[in-house]
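Atoms considered below: every heavy atom in the structure, side chains included; atoms not considered: hydrogens, waters and symmetry mates. Not measured: the values here are computed from a predicted model. A note on names: the letters A, B, ... follow the listed sequences, proteins ahead of strands, and every chain is numbered from 1.
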There are 2 protein chains.
Amino acid sequence: MRRDVFQAIADPTRREIIGLVSHESRNVNELADNFEMSRPAVSKHLRILKECGLIKVEKKGRERFCHAQLDKLGEIALWVHQYRRFWNTSLDKLEALLKEEDNK
Amino acid sequence: MRRDVFQAIADPTRREIIGLVSHESRNVNELADNFEMSRPAVSKHLRILKECGLIKVEKKGRERFCHAQLDKLGEIALWVHQYRRFWNTSLDKLEALLKEEDNK
DNA sequence: CCAAAACGTAACCAATTGGTTTCTTTTTAG
DNA sequence: CTAAAAAGAAACCAATTGGTTACGTTTTGG
């Protein structure tokens with residue numbers, strides 16, 4: 001069972017989960033409500049994200065709150081940046097988007 | 001069959017192939033020599049990379065030369081950068097590495 | 001106190017993945 | 001011309017993935 005960050009973000013559902021918890025912590029049912037699939041299916045994705053260290057799960061009463069812990073994404077950034085000369089044109093678009101975001 | 005860039009780079013062998021062809025174009029046997037696995041196995045990885053647009057294959061005689069076409073990696077950079085506030089510490093390390101690399 | 005909520009877990013399943021060996025085709029070197 | 005090199009393609013296989021339903025456990029609201 002390979003369990004690294006690259007594999008973790010390969011699945012679109014997991015990327016969406018990351019997006020959701022990056023704004024604010026969510027419990028499992030809240031997260032599952034965002035998807036067509038069953039709650040246990042989402043739970044499985046959460047387990048993978050947890051095992052890769054991309055989320056932290058905090059038990060609070062009968063609920064489990066998932067919050068983002070995305071420092072490991074730096075690993076991806078590092079890898080992808082070593083090839084930045086190949087995607088310079090896209091970088092322009094990237095910078096524009098980031099600046100636009102900063103203005104808010 | 002999902003075939004996007006995120007899934008393409010999820011496999012360590014494919015990341016290594018990308019690393020190899022990013023320096024200079026390589027034919028299939030040259031690439032296969034770098035791995036324990038059989039040539040057809042490498043060929044399969046190449047097909048995926050090709051289908052995702054990360055490499056371009058140019059037939060030259062009886063050889064096929066693979067060269068890097070990594071602009072699609074910008075998609076990854078874009079995604080990961082939207083969470084950059086989570087990996088700022090790693091970014092320092094990243095910048096250091098990139099500068100060190102530039103000095104060579 | 002107890003029914004219901006919020007989960008995790010187990011058992012199961014189909015499809016995909018990542019590998020293999022074998023065979024074929026195209027091209028070139030001698 | 002022909003043997004060998006380069007590589008795709010097919011058939012196959014085991015393990016993993018991503019989903020399901022069913023069930024068990026802990027916690028809480030009324």
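Positionally, the nearest nucleotide of DNA chain C for B:Ile48 lies more toward the 5' end than for the other of B:Ile48 and B:Arg39. Taking for each of A:Leu46 and B:Glu36 the nucleotide of DNA chain C with the nearest heavy atom, the 5'-most of the two is the partner of A:Leu46.
The NZ-P distance, from B:Lys44 to C:dT22, rounds to 15 Å in whole Å. Taking atom CZ of B:Phe65 as the reference point, atom C1' of D:dG8 lies 16 Å away to the nearest angstrom. When rounded to the nearest whole Å, the span between CD of A:Glu51 and C1' of D:dT17 equals 14 Å. If you take CZ of B:Phe6 and P of D:dT17, they are 19 Å apart, rounded to a whole angstrom. The distance between atom CG of A:Leu49 and atom P of C:dG8, rounded to the nearest whole Å, is 13 Å. C:dT17 atom P lies 5 Å from atom CD of B:Gln7, rounded to whole Å. Between the P atom of C:dA15 and the CZ atom of B:Arg3 lies a distance of 17 Å, rounded to the nearest Å. What separates CE of B:Met37 from C1' of C:dG19 is a distance of 8 Å, to the nearest Å.
Closest contact between the side chain of B:Ala41 and the listed nucleotides D:dG19, C:dC7, C:dT20 involves C:dT20. The listed nucleotides are D:dT21, D:dA11, D:dG8; the one nearest the side chain of B:Ser43 is D:dG8.
Both cation-pi conditions hold for B:Arg15 and A:Phe6: the charged atom is under 6.0 angstrom from the six-membered ring centre and inside a 45 degree cone around its axis.
The side chain of A:Asn27 contributes no N or O atom lying less than 4.0 Å from OP1 or OP2 of C:dA6. Side-chain nitrogen and oxygen atoms of A:Asn29 include at least one within less than 4.0 Å of the OP1 or OP2 phosphate oxygen of C:dC7. The phosphate of D:dG18 (OP1 or OP2) has a side-chain N or O of A:Arg14 nearer than 4.0 angstrom. Contact between the side-chain N/O atoms of A:His45 and the OP1/OP2 oxygens of D:dG19 is found at a separation under 4.0 Å.
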